[in-house]
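What follows is a single structure, written as structure tokens, with notes after it.
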There are 2 protein chains.
Amino acid sequence: MPDTPSTGRRERKKAATRQAIADAALELFLEHGFDRVSVRDVAERADVSTTTLFAHFPGKEALVFDREAQVEASLTAAVRERPEGQGVVEALRAHALASWVRLDSDPRRERFAALVQQTPALREYWERMWMRHAGALSAAIAAELGREPDDLACSAMARFVLEVPALATTRHDPLASVETVFDLLIHGWQASQLGSGDAAEDTREA
Amino acid sequence: MPDTPSTGRRERKKAATRQAIADAALELFLEHGFDRVSVRDVAERADVSTTTLFAHFPGKEALVFDREAQVEASLTAAVRERPEGQGVVEALRAHALASWVRLDSDPRRERFAALVQQTPALREYWERMWMRHAGALSAAIAAELGREPDDLACSAMARFVLEVPALATTRHDPLASVETVFDLLIHGWQASQLGSGDAAEDTREA
DNA sequence: GCAGAAACTTGAACGATTGCAGTTTCTGAC
DNA sequence: GTCAGAAACTGCAATCGTTCAAGTTTCTGC
């Protein structure tokens, strides 16, 4: 029953305490709220010293977001391992629809999302973290298209795609919003009055 | 010689201490670096208590960015008071070129920019702050076009336009990059291989 | 000229984070 | 086996950002 077949006892124990800390943190945060729980409380519950806690996580907010590596991996995988003949942007659209905006029926995910949404510190931390994936995503896109890793069109696409959840999740129909924004990205704003000077003039009502 | 002709002595004094604090902060930060200067140091230099300091600024990073109200004002003004017949997006492009990406010859601005760029905490704070203008900008755009204030195309445009500096300033030719990204926004990514599934397939080289 | 609001002060907290000096626990080499 | 050293962990104290409570000074409007 080796969960981590590769490594020795040491690393296993290390992973165990890390997990214990993360579990304790989530439990306490969900029960009492992020700001009403101190790092010491978490350390206490996990039965480690606060020093140890900070050896495993770079800060209080990070306690909530382990799993970030996997998120980035699945993001670049969506681009790299897309179906034959599917465009990069289409793959990202599909990934966005499937993974981001699903108001999950899983009650654990739901409570977690609520916690993050209701805690400003966590909201901000999440956004910062999320946008840091822009580099990796951009690189993945560029690689798929055989372009320079710092190709501007790819970097821009990456950043803009990552903005989609922020734009869509607050709307009454998130799924439709995702579609709309992707259509805008593909076809541009010119078709929507916004793009050209002369077209815009006709339709103003100010 | 009244710099603030409108208000009484009280408000003038208040503005004076606020300014004293901001000046002290910038001076110390530029000299020793943001992280090597404590809030207490700044308060000391400005000859106020730290409590007073926090009555004027919501946090340490905010000491560096007074002037944010004006930035947002000039942003929405660029949209509202654009030349006759100019499109909203064109106005924003012009504003971006004129105000954001200018590697100023003014040595003070340059040192300031370097400070922000070299300090992660400040970089992140700036980005968060910057993106908070999305709401106002989106509303301004929607108003100009006579659309609902929460129109998705306008919100998306606002957020994406605000990403432009982050995309452009790190490049060797920031001005050209601004142009490119605006062109992408207007005409969409479909023309750049990225947009459609079938076109993308032909040009891959993996 | 006075009541009250506003700006400021002192002093003490609280919580996150870091540094330091040790102790225990594993690992790899002999 | 065992032993040296690395790694994980502990306790404690310090620093720093931030806030609170209670009181003092300084303006403003009446």
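Basis for what follows: all heavy atoms, side chains included, without hydrogens, waters or symmetry-related copies. Model, not experiment: these values are computed from the prediction. Letters A, B, ... mirror the listed sequences (proteins, then strands); counts begin at 1.
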- Assign B:V42 to base, sugar-phosphate, or nothing according to its heavy-atom contacts below 4.0 angstrom with the strands shown. nothing
- With sugar-phosphate meaning primed atoms plus P, OP1 and OP2, does B:T52 contact a base, only sugar-phosphate, or nothing at under 4.0 Å between heavy atoms? base
- Message: Check this for me: does the side-chain of B:S49 come within 3.5 Å of the base of C:dG11 through a donor and an acceptor?
- Response: no
- Round to the nearest Å and state the distance from B:I21 atom CD1 to C:dT9 atom C1'. 13 Å
- Task: Check whether any side-chain N or O of B:H56 sits under 4.0 Å from OP1 or OP2 of C:dC8, and answer yes or no.
- Result: yes
- Task: State, with a plain yes or no, whether a side-chain heavy atom of A:M131 is found less than 4.5 Å away from one of B:E163.
- Result: yes
- Message: Is the phosphate of D:dT18 approached by B:K60 (side-chain N or O, under 4.0 Å from OP1 or OP2)?
- Response: no
- For B:A20, does its backbone N or O pair with a side-chain atom of B:D23 as donor and acceptor, under 3.5 Å? no
- For the pair made of CG in B:L53 and P in D:dC20, what is the distance, rounded to whole Å? 16 Å
- So what does B:T51 touch, heavy atoms closer than 4.0 Å: a base, only the sugar-phosphate, or nothing? base
- Query: Just by modelled atom types, is the A:K14 backbone N or O under 3.5 Å from a matching donor or acceptor in the A:T17 side chain?
  - Reply: yes
- Item | Mutual orientation of the aromatic rings belonging to B:W130 and B:H133 [parallel < 30°, tilted 30-60°, perpendicular > 60°] | perpendicular
- Base, sugar-phosphate, or nothing for B:D47, non-hydrogen atoms under 4.0 angstrom? sugar-phosphate
- Item | Distance-only donor-acceptor test, B:R40 side-chain atoms vs D:dG17 base atoms, 3.5 Å | yes
- Message: With a 4.0 Å limit, can you tell me whether A:K13 has a side-chain N or O closer than that to the phosphate oxygens OP1/OP2 of C:dC26?
- Response: yes
- Starting from C1' on D:dA8, measure out to CZ on A:F57 and report it in whole angstrom. 15 Å
- Task: Hey, can you tell me if B:Y125 and B:F65 have their rings parallel, tilted or perpendicular (30° and 60° cut-offs)?
- Result: parallel
- Could you give the CZ-to-P distance, from B:F54 to D:dC16, as a whole number of Å? 13 Å
- Honestly, is B:K60 close enough over B:F54, meaning NZ or CZ under 6.0 Å from the six-membered ring centre and within 45° of the axis? no
Can you give me the N/O atom pairs linking the protein to nucleotides 27-29 of chain C at distances under 3.5 Å, or say none if there are none?
{"from": "C:dT27", "atom 1": "OP1", "to": "A:R9", "atom 2": "N", "distance (Å)": "2.7"}
{"from": "C:dT27", "atom 1": "OP1", "to": "A:R10", "atom 2": "N", "distance (Å)": "2.9"}

- Task: For B:D41, report the nucleic acid contact type (base, sugar-phosphate, nothing); a contact means any heavy atom under 4.0 Å.
- Result: nothing
- If the plane angle is over 60° it's perpendicular, under 30° parallel, otherwise tilted; pick one for A:F160 and B:F160. parallel
